K.L.:
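Next up is a structure, given as structure tokens.
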2 protein chains.
Amino acid sequence: MRISTKGRYALRMLVDLAEHKNDGFIALKDIAKRQNISKKYLEQIVPVFNKSHILQTNRGFQGGYRLAVEPNKCTVGEVIRLTEGSLSPLACIDDENEVHCDRSADCATLYVWQGLKKVVTDYLDSVTLQDIIDKKHESYANDYVI
Amino acid sequence: MRISTKGRYALRMLVDLAEHKNDGFIALKDIAKRQNISKKYLEQIVPVFNKSHILQTNRGFQGGYRLAVEPNKCTVGEVIRLTEGSLSPLACIDDENEVHCDRSADCATLYVWQGLKKVVTDYLDSVTLQDIIDKKHESYANDYVI
DNA sequence: CTATACTCTACTATTATACTAGACTTTTAA
DNA sequence: TTAAAAGTCTAGTATAATAGTAGAGTATAG
């Protein structure tokens, strides 16, 4: 039940871009440095967000990436689905809730996993990039008060 | 974000034992046959439930396993924690919610994963073996009516 | 035209997963 | 008392996923 490094890096990259959304195009090397993530690895993660039009790209000198959506419109669920392929805890229930298993009719435990998928999906789809940024500043404020 | 085969098999085994809890000791080969799971693989899964006193064992002729707890006292969360080691979606937050990561103070996304762990844990700890059996019979009833 | 940055494909080391194999121990019934 | 049935324990192994690295190629601002 682990979220892969790929998914977590993707989220951190998008949060970073959301925080710098007014700074024009951000080079991957800057994100890599700030987040302490391999730039080469990020290069492999980025295409899926380009293709799904979550990121805009500028190539060449002073190029980079920029969020193409509002931070409060992009959910963690979306990010993890794109990097991880699915939020389903089993191969036998895919994203359309279709069942792919001979035993499914007889499978007593299937409903447990369908329920698990639902709580995971509901939660991750309820958190946006903006929420993460807000929470971060809230924490800083708390630190300051304390 | 997948539940491993090991965890799913364990749950099916325990549900099977719960359904046959009045039939004395059940041999692994019977469970393996009914559930269509490799008996040899089940042998590797079983020890953790013996050690945690969820199962009772009888060796030798006509030996087998029997639930040592009431089906309504054994949750899916317990089963998955025992087979999977943890319900945490990241290595950096373990079962005591302790944080193991240099970046944690600065990690904007940490709270997302802590929240994910909570919804997963709350859900899985809310479903018992008995719930699964009840649901199964409910489905059968529905099938019959339809 | 050159430095900078994105793009694309291929390769690789490590780890986890999902098993299989076989020797050994225990129990019971004939 | 012994053979068969069952659990126990350790080791091995094939496959796939993960988490990267490497390098050649393309686009663009200045």
Side-chain angles (χ1 to χ4, degrees), chain A residues 1-13 17 20 23-33 35-68 80 83-86 88-92, chain B residues 1-13 17 20 23-33 35-68 80 83-86 88-92:
Chain A
M1 274 300 285
R2 291 274 152 106
I3 296 282
S4 74
T5 303
K6 194 171 169 183
R8 288 181 283 122
Y9 285 1
L11 184 60
R12 280 165 58 192
M13 175 181 71
L17 283 167
H20 294 86
D23 302 352
F25 289 91
I26 311 290
L28 220 45
K29 75 162 195 283
D30 296 329
I31 302 174
K33 190 182 290 178
Q35 298 296 326
N36 195 29
I37 297 173
S38 149
K39 180 190 162 233
K40 274 293 186 185
Y41 196 29
L42 281 182
E43 278 181 10
Q44 286 194 318
I45 296 173
V46 121
V48 71
F49 295 103
N50 276 326
K51 279 168 200 151
S52 53
H53 306 294
I54 289 175
L55 293 182
Q56 279 179 348
T57 282
N58 241 232
R59 292 173 74 150
F61 187 75
Q62 291 191 335
Y65 300 92
R66 169 166 82 181
L67 266 190
I80 300 302
T83 51
E84 223 96 334
S86 166
S88 174
L90 283 83
C92 69
Chain B
M1 274 302 282
R2 292 272 151 107
I3 297 282
S4 72
T5 302
K6 194 171 170 182
R8 289 181 282 121
Y9 285 1
L11 184 59
R12 281 165 57 193
M13 176 182 67
L17 282 168
H20 294 85
D23 301 352
F25 288 92
I26 310 290
L28 218 46
K29 75 161 195 284
D30 295 331
I31 302 174
K33 191 182 289 178
Q35 298 297 324
N36 195 28
I37 297 174
S38 149
K39 181 191 162 232
K40 274 294 187 187
Y41 196 29
L42 281 182
E43 279 181 11
Q44 287 193 317
I45 296 174
V46 122
V48 72
F49 295 104
N50 277 327
K51 279 169 199 148
S52 54
H53 306 294
I54 288 175
L55 292 182
Q56 281 178 348
T57 282
N58 242 230
R59 291 175 73 151
F61 187 75
Q62 289 192 335
Y65 300 92
R66 170 166 81 181
L67 266 190
I80 301 302
T83 51
E84 223 97 331
S86 164
S88 175
L90 283 82
C92 70

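Since the structure is predicted, the reported quantities are computational estimates derived from the model, not experimental observations. Just so it is clear, the values below take in all heavy atoms, side chains as well, and ignore hydrogens, waters and symmetry mates.
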K.L.:
Report the residue (A:Q44 or A:G60) whose heavy-atom-nearest nucleotide on DNA chain C is the more 5′ of the two.
P.N.:
A:G60

K.L.:
Determine, step by step, whether A:E43 and A:S38 satisfy the side chain to side chain contact (heavy atoms under 4.5 Å, CB included) criterion, reporting the C-alpha distance in whole Å, the side-chain angles of both residues, the deciding distance to 0.1 Å, and the verdict.
P.N.:
CA-CA 9 Å; A:E43 278 181 10; A:S38 149; over 6 Å; no

K.L.:
Quick one: does A:R66's side chain have a donor or acceptor within less than 3.5 Å of a partner on A:L55's backbone?
P.N.:
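Here the side-chain-to-backbone pair does not exist.
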
K.L.:
If the cut-off is 4.0 Å, is A:Q62 near the phosphate of D:dT28, judged by side-chain N/O to OP1 or OP2?
P.N.:
no

K.L.:
In whole Å, I'd like the distance from the CZ atom of A:R8 to the C1' atom of D:dG20.
P.N.:
14 Å

K.L.:
Could one point to a donor on the side chain of A:R59 or the base of D:dT28 with an acceptor on the other under 3.5 Å away?
P.N.:
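Answer is no: no donor-acceptor pair is held.
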
K.L.:
Ignoring hydrogens and angles, answer whether the base of D:dG7 and the side-chain atoms of B:K39 contain a donor-acceptor pair closer than 3.5 Å.
P.N.:
no

K.L.:
Just the rounded figure in Å: distance from P of D:dT8 to CZ of B:F25.
P.N.:
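Distance check: B:F25 CZ to D:dT8 P gives 11 Å.
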
K.L.:
Hey, which sits more toward the 5' end of DNA chain D by its nearest nucleotide, B:T57 or A:I3?
P.N.:
B:T57

K.L.:
Heavy atoms, side chains only, cut-off 4.5 Å: are A:V46 and A:M13 in contact?
P.N.:
yes

K.L.:
A:L42 CG to D:dT21 P: how many Å, rounded?
P.N.:
11 Å

K.L.:
Would you say the ring centers of A:Y9 and A:Y41 fall short of 6.0 Å from each other?
P.N.:
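Yes - the distance between ring centres of A:Y9 and A:Y41 falls below the 6.0 Å cut-off.
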
K.L.:
Have a look at B:Y65 and say if it touches a base, only the backbone sugar-phosphate, or nothing, with a 4.0 Å heavy-atom cut-off.
P.N.:
sugar-phosphate

K.L.:
Whole Å only: how far is the CZ atom of B:F61 from the P atom of D:dT2?
P.N.:
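In whole Å, D:dT2 P and B:F61 CZ are 18 Å from each other.
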
K.L.:
Looking only at heavy atoms, what is the nearest atom pair of A:R8 and A:I3, with distance?
P.N.:
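Taking every non-hydrogen atom into account, NE-O, 3.3 Å.
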
K.L.:
Name the nucleic acid region contacted by B:N50, choosing base, sugar-phosphate or nothing; use a 4.0 angstrom heavy-atom cut-off, strictly under.
P.N.:
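Here B:N50 touches the backbone only, sparing every base.
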
K.L.:
For the pair made of NZ in B:K40 and P in D:dG7, what is the distance, rounded to whole Å?
P.N.:
11 Å

K.L.:
Calculate the interatomic distance between B:Q56 atom CD and D:dA6 atom P; express it in whole Å.
P.N.:
19 Å

K.L.:
Name the residue closer to the 5' end of DNA chain D, choosing between A:Y41 and B:G64 according to the nucleotide with the nearest heavy atom.
P.N.:
B:G64

K.L.:
D:dA17, OP1 or OP2 - any side-chain N/O from A:S4 closer than 4.0 Å?
P.N.:
no

K.L.:
With respect to the phosphate group of D:dA6, does any side-chain polar atom (N or O) of B:K29 fall under 4.0 Å of OP1 or OP2?
P.N.:
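So the side-chain polar atoms of B:K29 do come within 4.0 Å of the phosphate oxygens OP1 or OP2 of D:dA6, strictly under.
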
K.L.:
Could you check how far CZ of B:F49 sits from C1' of D:dG7, rounded to whole Å?
P.N.:
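So the CZ-C1' distance, B:F49 to D:dG7, works out to 17 Å.
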
K.L.:
Please report, rounded to the nearest Å, how far the P atom of D:dG7 is from the CZ atom of B:R66.
P.N.:
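Between P of D:dG7 and CZ of B:R66: 14 Å.
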
K.L.:
Check whether any side-chain N or O of A:E84 sits under 3.5 Å from a backbone N or O of A:S4 as a donor-acceptor pair, and report yes or no.
P.N.:
yes

K.L.:
What I'd like to find out is whether the side chain of A:N58 reaches to under 4.5 Å of the side chain of A:Y65, using heavy atoms alone.
P.N.:
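Heavy-atom side-chain distance check fails, nothing below 4.5 Å.
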
K.L.:
Just by distance, do the side chain of B:R12 and the backbone of B:Q35 share a donor-acceptor pair under 3.5 Å?
P.N.:
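It does hold such a pair.
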
K.L.:
I'd like the 5' and 3' limits of the part of DNA chain C contacted by chain B, with heavy-atom contacts below 4.0 Å.
P.N.:
C:dA18 to C:dA29

